[in-house]
Amino acid sequence: GASGVGKTALVVRFLTRRFIGDYERNAGNLYSRQIQLDGETLAIQVQDTPGIQIHEHTPDCNEQLNRCIRWADAVVIVFSITDYKSYELLSYLHQHIRQLHPGNTIPVVIVANKADLLHIKEVEPQHGLQLANVLGCAFYEVSVSENYNDVFNAFHVLCKEVSKQQITSTPERRRTSLIPRPKSPNMQDLKRRFKQALSAKVRTVTSV
Ligand SMILES: Nc1nc2c(ncn2[C@@H]2O[C@H](COP(=O)(O)OP(=O)(O)OP(=O)(O)O)[C@@H](O)[C@H]2O)c(=O)[nH]1
């Protein structure tokens, strides 16, 4: 999704259950994780992506992002209810994902984030749901800062859909052993940034 909608916060909340408020611009980290899903242990990888830039009113999906979309078995498109322009990107992004996965309907979830900021909302909740229905996507309105369960449910739906597809798909579609394992596990990077955020908070509290 667009820049600043909460993509990194969403991934971090899903993987660590924690909300870290301050992030630098996201370079696109890859996280590997084992999760429990309906009594089954799944190995998943979550690729965080940089915000889509808009040039002369046209979204610019660069080759790095296109590689991520082609690699993915499922996609979460995030927008913020406080940023109408991020909502306007949804149809374009959905169409772009379909073009990069011709003949294969990979599961897509649309997440409307920052539901805690209703006082500055620019997008009505029902508009997100209506558009998701038209596009044939699951829809979740969440507040990553306030709530873990809705975030988990959005990823849970995707993992179930992917599992279903992999059970019914041909063997070559199953890429679990072919997914490139990250060289340096990004969980170290996540822990470093988490510690930085915590120490920053301690400094802030002290300075107050
Ligand atoms: N109030 C509120 N703020 C949020 C929420 N989710 C994220 N934020 C804040 O929004 C800002 C952007 O969050 P990021 O996770 O960096 O957004 P992003 O989409 O990864 O941004 P880019 O890296 O620029 O693409 C940060 O200051 C977060 O603290 C939310 O649910 N509520």
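Quick caveat: nothing in here was measured; it's all calculated off a predicted structure. Every number for a ligand or one of its atoms is a count from 1 in the order of the listing.
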Would you check whether Gly6 has a nitrogen or oxygen atom less than 3.5 angstrom from a nitrogen or oxygen atom of ligand 1?
yes

Tyr87 vs His127 aromatic rings, parallel, tilted or perpendicular, using cut-offs 30° and 60°?
tilted

Thr8: numbered ligand 1 atoms lying under 4.0 Å from its heavy atoms
15 (O), 20 (O)

Closer than 4.0 Å to some heavy atom of Leu117 - which atoms of ligand 1 meet that?
1 (N)

Compute whether any side-chain donor of one residue and acceptor of the other, for Gln36 and Thr41, lie under 3.5 angstrom apart.
yes

Side chains of Gln45 and Ser32 only: does a donor on one sit below 3.5 Å from an acceptor on the other?
yes

Are Glu40 and Lys160 within salt-bridge range, i.e. N to O under 4.0 Å?
no

Is Val142 touching ligand 1 with its side chain, its backbone, both, or neither, if touching means heavy atoms under 4.0 Å apart?
neither

Side chain, backbone, both or neither: Val78 near ligand 1, heavy atoms under 4.0 Å
neither

Using a 4.5 Å cut-off on heavy atoms from C-beta on, say whether the side chain of Cys61 contacts that of Leu93.
yes

When you compare the side chains of Asn113 and Ser80, does any donor N or O come within less than 3.5 Å of an acceptor on the partner?
no

Could you check if a side-chain atom of Leu30 sits within less than 4.5 angstrom of a side-chain atom of Val46, using non-hydrogen atoms only?
no

Polar contact flag for Val144 and ligand 1 (N/O pairs, less than 3.5 Å)
yes

Closest candidate by heavy atom, reference atom 11 (C) of ligand 1, pool Glu146, Lys114, Gln53:
Lys114

So the atoms of ligand 1 within less than 4.0 Å of a heavy atom of Ser145 turn out to be 2 (C), 30 (C), 31 (O), 32 (N)

Show me which atoms of ligand 1 lie under 4.0 Å from any heavy atom of Gly51.
25 (O)

Would you check the N or O atoms of Ala9, main chain and side chain alike, for any that come under 3.5 Å of an N or O of ligand 1?
yes

Need the ligand 1 atom indices (1-based, order shown) with element for anything under 4.0 Å from a heavy-atom of Asp116.
1 (N), 2 (C), 30 (C), 31 (O), 32 (N)

Ligand 1 to Ser143, heavy atom cutoff 4.0 Å, flagged ligand atoms 31 (O)

Less than 4.0 angstrom from a charged side-chain N to a carboxylate O is my criterion; do Lys7 and Asp48 meet it?
no

